[in-house]
Amino acid sequence: VKDQKDNMEGSKLITTEVSIQNIMLRMKDQAYYLGESLKSDPRMVEIGAKIQASDDENPILSDFINDATSITSNLLSRVMGETTYAKDDNTITFLTRATSNTPDIESQLGDYIINYMATYMLEKWLNVIKADEAKRFTEDRSRLENEIVLLAARRSKPERS
């Protein structure tokens with residue numbers, strides 16, 4: 001994660017890198033615990049097992065990651081500044097042109113992005129497997145989006161000389 005002054009006056013480039021594996025693991029952990037809680041009801045054992053995403057579902061989850069990346073980039077563009085992204089097999093790098101008084105929020109932003117993207121993926125996964133369980137994650141994603149908006153709104157106070 002880097003923070004660099006940019007040629008454009010009054011702006012800086014914020015680079016936030018997130019691991020695709022971390023996003024997938026976070027999503028699968030959430031799906032696992034949700035599935036386990038459903039299994040406590042004998043009528044829900046089968047659906048509880050289906051909710052628990054395994055590596056066999058990685059192709060569909062990869063599609064969800066692609067969607068989540070685009071949505072996250074658009075969110076960052078809306079609240080922080082023009083954002084582009086680059087993606088390879090292991091990482092997603094978001095490049096945001098923010099105002100120069102945006103504090104160093106990259107590491108916190110990276111955590112928020114992982115949570116946001118994992119929640120988005122879980123919401124989409126549940127819409128495929130058990131749509132009525134997806135609503136709670138739609139609400140979680142809205143809450144996480146608000147946290148990103150609040151984080152992005154932070155500004156450093158001008159220093160007196």
Side-chain angles (χ1 to χ4, degrees), residues 1-4 12-41 43-98 102 104-152:
V1 178
K2 299 173 202 153
D3 176 12
Q4 322 169 336
K12 67 180 179 181
L13 193 60
I14 294 178
T15 303
T16 311
E17 189 174 280
V18 294
S19 160
I20 291 173
Q21 181 180 7
N22 287 348
I23 297 166
M24 294 284 255
L25 289 174
R26 179 98 27 109
M27 181 271 174
K28 287 179 182 179
D29 281 351
Q30 290 176 326
Y32 172 79
Y33 288 115
L34 177 60
E36 287 300 302
S37 70
L38 288 174
K39 287 180 186 178
S40 64
D41 180 344
R43 297 166 299 171
M44 301 298 272
V45 169
E46 186 177 337
I47 195 72
K50 280 185 179 179
I51 283 174
Q52 296 174 330
S54 70
D55 291 346
D56 293 341
E57 281 82 32
N58 279 357
I60 192 168
L61 296 179
S62 291
D63 288 344
F64 294 156
I65 275 208
N66 291 335
D67 293 346
T69 302
S70 175
I71 286 169
T72 302
S73 179
N74 290 338
L75 171 62
L76 294 174
S77 287
R78 193 173 77 235
V79 300
M80 286 184 70
E82 181 185 344
T83 301
T84 59
Y85 63 88
K87 185 173 171 285
D88 62 29
D89 291 341
N90 302 313
T91 58
I92 304 165
T93 304
F94 294 94
L95 299 167
T96 304
R97 185 178 310 279
T102 302
D104 298 334
I105 58 172
E106 290 88 339
S107 63
Q108 196 175 6
L109 184 60
D111 290 340
Y112 282 22
I113 287 172
I114 289 170
N115 284 335
Y116 183 78
M117 291 180 70
T119 302
Y120 174 87
M121 291 173 59
L122 184 57
E123 179 187 349
K124 295 304 172 194
W125 175 245
L126 291 174
N127 271 324
V128 170
I129 302 297
K130 187 167 181 1
D132 59 325
E133 288 292 330
K135 287 181 189 143
R136 127 172 59 160
F137 294 96
T138 303
E139 292 165 9
D140 281 355
R141 191 164 58 90
S142 290
R143 181 186 52 78
L144 289 165
E145 185 171 317
N146 285 334
E147 288 179 16
I148 290 173
V149 168
L150 289 174
L151 180 67

Can we say K135 and D140 salt-bridge, meaning some charged N sits less than 4.0 Å from an Asp/Glu carboxylate O?
no

Report the C-alpha distance between N74 and S77 in whole Å, list the side-chain angles of each, state the deciding distance to 0.1 Å, and finish with yes or no for side chain to side chain donor-acceptor pair (under 3.5 Å).
CA-CA 5 Å; N74 290 338; S77 287; 5.3 Å; no

Using salt bridge (Lys or Arg N to Asp or Glu O under 4.0 Å) as the criterion, list what pairs up with D41, not counting sequence neighbours.
R43

Between E57 (side chain) and S54 (backbone), is there a donor-acceptor pair under 3.5 Å?
yes

Shortest non-hydrogen separation from S40 to S37 and the atoms involved:
OG-O, 2.7 Å

Nearest heavy-atom contact between M27 and A53 is CE-CB, 4.3 Å

Considering only heavy atoms from C-beta outward, does the side chain of L76 approach that of L109 to under 4.5 Å?
yes

Output the distance between atom CE (M121) and atom CD1 (I23), rounded to the nearest 0.5 Å.
7.5 Å

I'd like to know if E46 and K39 make a salt bridge, using a cut-off of under 4.0 Å between side-chain N and carboxylate O.
no

Between E147 and Y112, what is the shortest heavy-atom contact and its length?
O-CE2, 3.4 Å

Pair T93, T15 - check side chain to side chain contact (heavy atoms under 4.5 Å, CB included), show working.
CA-CA 7 Å; T93 304; T15 303; 3.5 Å; yes

Work out which heavy atom in D111 is nearest to a heavy atom in R26; give both atom names and the distance.
O-NH1, 4.3 Å

Counting only N and O atoms by type, is there a donor-acceptor contact under 3.5 Å from the side chain of T91 to the main-chain atoms of D89?
no

Contact between K87 and N66 at the side-chain level, heavy atoms closer than 4.5 Å - yes or no?
yes

In Å, rounded to the nearest 0.5 Å, how long is the span from CZ of R97 to CG of L13?
6.5 Å

Kindly say whether A98 contributes a backbone atom to a donor-acceptor pair with the side chain of T96 at under 3.5 angstrom?
no

Do M24 and M117 pass the side chain to side chain contact (heavy atoms under 4.5 Å, CB included) test, and can you show the C-alpha distance, the side-chain angles, and the key distance before you say yes or no?
CA-CA 9 Å; M24 294 284 255; M117 291 180 70; over 6 Å; no

Beyond-backbone contact of L61 with W125, side-chain heavy atoms, under 4.5 angstrom:
yes

Heavy-atom donor-acceptor pair, S73 side chain to Y85 backbone, under 3.5 Å
no

Is any side-chain heavy atom of K124 less than 4.5 Å from a side-chain heavy atom of D67?
no

Does any non-hydrogen side-chain atom of L34 lie less than 4.5 Å from one of K130?
no

Quick one: which of V149, L75, I105 gives a side chain to side chain contact (heavy atoms under 4.5 Å, CB included) with M80?
I105

Residue pair F94 / V18, side-chain heavy-atom distance below 4.5 Å:
yes

To the nearest 0.5 Å, what is the distance between CD (Q30) and CG (L122)?
5.5 Å

For I71 and Y116 the tightest heavy-atom approach is CG2-OH, 3.6 Å

Thinking salt bridges, do K28 and D55 make one under a 4.0 Å N-O criterion?
yes

Identify the two heavy atoms, one from L144 and one from N115, that lie closest to each other, and give their separation to 0.1 Å.
CD1-O, 3.6 Å

Using a distance-only test with no angle check, is there a side-chain donor-acceptor pair under 3.5 angstrom linking T16 and E106?
no

Kindly indicate whether the side chain of F64, heavy atoms from C-beta on, has any atom under 4.5 Å from the side chain of V128.
yes

Heavy-atom check, side chain of I47 versus side chain of I129, under 4.5 Å
yes

To the nearest 0.5 Å, what is the distance between CD1 (I20) and CG (N90)?
7.0 Å

Could you tell me if E139 and S142 have a donor-acceptor pair between their side chains, going purely by distance under 3.5 Å?
no

The reported gap from CD1 in I92 to OG1 in T72 (rounded to nearest 0.5 angstrom) is 8.0 Å

Nearest-0.5 Å distance, OH of residue Y120 to OG1 of residue T138
10.5 Å

